[in-house]
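Heads up, the thing below is written out as structure tokens.
As a basis for the values below, the full set of heavy atoms in this structure was taken, side chains included, without hydrogen atoms, waters or symmetry mates. No experiment lies behind these values; they were computed from the predicted model shown. Residue numbering restarts at 1 for every chain, and letters A, B, ... go by the order of the sequence lines.
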Number of protein chains: 2
Amino acid sequence: MDMNLPKNLVNPYDTELFAAMCKALAHPARIMIVNYLQQIDRCLCGDIVDMLPLAQSTVSQHLKCLKDAGFIKGEVDGPRTCYCLDKTMLKKFSLMVDALGKPTSERLWR
Amino acid sequence: MDMNLPKNLVNPYDTELFAAMCKALAHPARIMIVNYLQQIDRCLCGDIVDMLPLAQSTVSQHLKCLKDAGFIKGEVDGPRTCYCLDKTMLKKFSLMVDALGKPTSERLWR
DNA sequence: CATCTTTATCGTCATTCTACGATAAACGAT
DNA sequence: ATCGTTTATCGTAGAATGACGATAAAGATG
């Protein structure tokens with residue numbers, strides 16, 4: 001998205017990235033997954049399927065969405081996949097959200 | 001969304017709310033609007049239309065979306081509407097995002 | 001090797017989102 | 001009262017999302 005504003009007022013690159021991060025979290029099932037992983041550290045896809053009232057294929061889709069956005073990592077282990085949070089990414093997201101409520105001059109990210 | 005997990009592990013109410021907040025921010029144009037309002041404090045709808053490469057009706061739609069989620073407030077002034085951020089809401093969102101990366105026991109919100 | 005378990009992907013359908021132009025509504029100005 | 005300005009809403013078209021079942025793929029197990 002091209003903006004009609006001087007660079008010192010906006011940052012289109014971060015805007016796109018930040019919107020994409022929000023989008024990845026913009027569904028209750030995906031929030032549930034992140035919460036769950038936060039609390040049990042790591043688990044198999046099947047565990048998440050058991051927790052959510054959704055079909056296995058749907059859960060797999062949500063996991064892909066979170067993985068593509070960088071919020072979770074999946075480690076293949078035989079026929080299974082073990083998922084865990086990427087806390088670095090969560091931290092980054094948290095910093096960007098903080099920045100949203102502060103003037104540019106006080107922001108820690110670019 | 002109904003979960004198959006004990007209450008001590010999840011919080012469906014907050015999950016829905018948080019997902020809705022993320023959704024409201026899950027578009028570059030809406031991030032731009034929040035950023036813009038952060039930097040100029042308050043402005044008319046028309047100013048935002050000038051900034052964004054979008055039709056007036058589309059911008060109005062995005063503003064409604066942010067307003068419905070509580071991130072901005074609109075004060076009608078004659079035929080105009082003056083928009084500004086609701087920093088309380090941004091703060092709340094920020095706290096919820098922080099919580100996402102922490103165990104339940106350390107969370108400041110319910 | 002045949003079978004079972006686990007997960008990812010495909011195809012599909014219904015819904016939601018995003019964009020636009022057209023129009024209505026609210027008011028200020030002439 | 002009429003006209004111009006500003007903004008919200010309506011209708012709509014196309015794209016994206018979210019759900020599912022079916023199926024493929026990758027190993028384990030008998």
Inset, instruction - Side chain of S60(B) only, please: which of dA8(D), dT7(C), dT7(D) is the nearest? - result: dA8(D)
Inset, instruction - Would you check if the side chain of D47(A) reaches a backbone N or O of L44(A) as a donor-acceptor pair within less than 3.5 Å? - result: yes
Inset, instruction - Rounded off to whole Å, could you give me the CG-to-P distance for the L66(B) and dA8(D) pair? - result: 12 Å
Legend entry - Any donor-acceptor N/O pair, R42(A) side chain to C82(A) backbone, under 3.5 Å: no
Legend entry - Backbone of M89(A) reached by a side-chain donor or acceptor of D86(A) within 3.5 Å: yes
Inset, instruction - Test Y83(B) against every option in E75(B), K67(B), K73(B) by the side-chain contact (heavy atoms from CB on, under 4.5 Å) rule and name the one that passes. - result: K67(B)
Legend entry - Distance in angstrom units between K67(A) NZ and dT7(C) P, rounded: 13 Å
Inset, instruction - Report the distance from atom CG of L52(B) to atom P of dT18(C), rounded to the nearest whole Å. - result: 14 Å
Legend entry - Between P of dT6(D) and NZ of K64(B), the distance in whole Å: 23 Å
Inset, instruction - Using a 4.0 Å cut-off on protein heavy atoms (strictly under), produce a 5'-to-3' string for nucleotides 21-30 of chain D with B for base contact, S for backbone-only sugar-phosphate contact, and - for none. - result: BB---BSS--
Legend entry - Phosphate contact (dT6(C) OP1 or OP2) by Y83(A) side-chain N/O below 4.0 Å: no
Inset, instruction - Please report, rounded to the nearest Å, how far the C1' atom of dA8(D) is from the CG atom of L44(B). - result: 15 Å
Legend entry - Nearest non-hydrogen partners of C84(A) and D41(A), listed with the distance: CB-O, 3.5 Å
Inset, instruction - Give every residue pair that meets the ring-ring contact (aromatic ring centres under 6.0 Å, His included) criterion with at least one member in residues 48-68 of chain A, sequence neighbours excluded. - result: H27(A)-H62(A)
Legend entry - I72(B) CD1 - dT7(D) P separation (whole Å): 13 Å
Inset, instruction - Name the residue closer to the 5' end of DNA chain C, choosing between C45(A) and Q61(B) according to the nucleotide with the nearest heavy atom. - result: C45(A)
Inset, instruction - Take the protein atom CG of L63(A) and the nucleotide atom P of dT9(C), then report the distance between them rounded to whole Å. - result: 11 Å
Legend entry - Under 3.5 Å: donor-acceptor pair, side chain of R30(A), backbone of K23(A): yes
Legend entry - Rounded distance (Å) that lies between atom C1' of dT9(D) and atom NE2 of H62(B): 15 Å
Legend entry - Verify same cluster id: I72(A), L17(A) (apolar side-chain graph, 4.5 Å): yes
Hey, what are the protein-to-nucleotides 14-17 of chain C N/O distances that come in under 3.5 Å?
{"unit_1": "dC17(C)", "atom_1": "OP1", "unit_2": "K23(B)", "atom_2": "NZ", "d": "2.8"}

Inset, instruction - Classify the angle between the aromatic ring planes of F93(A) and F18(A) as parallel (below 30°), tilted (30 to 60°) or perpendicular (above 60°). - result: tilted
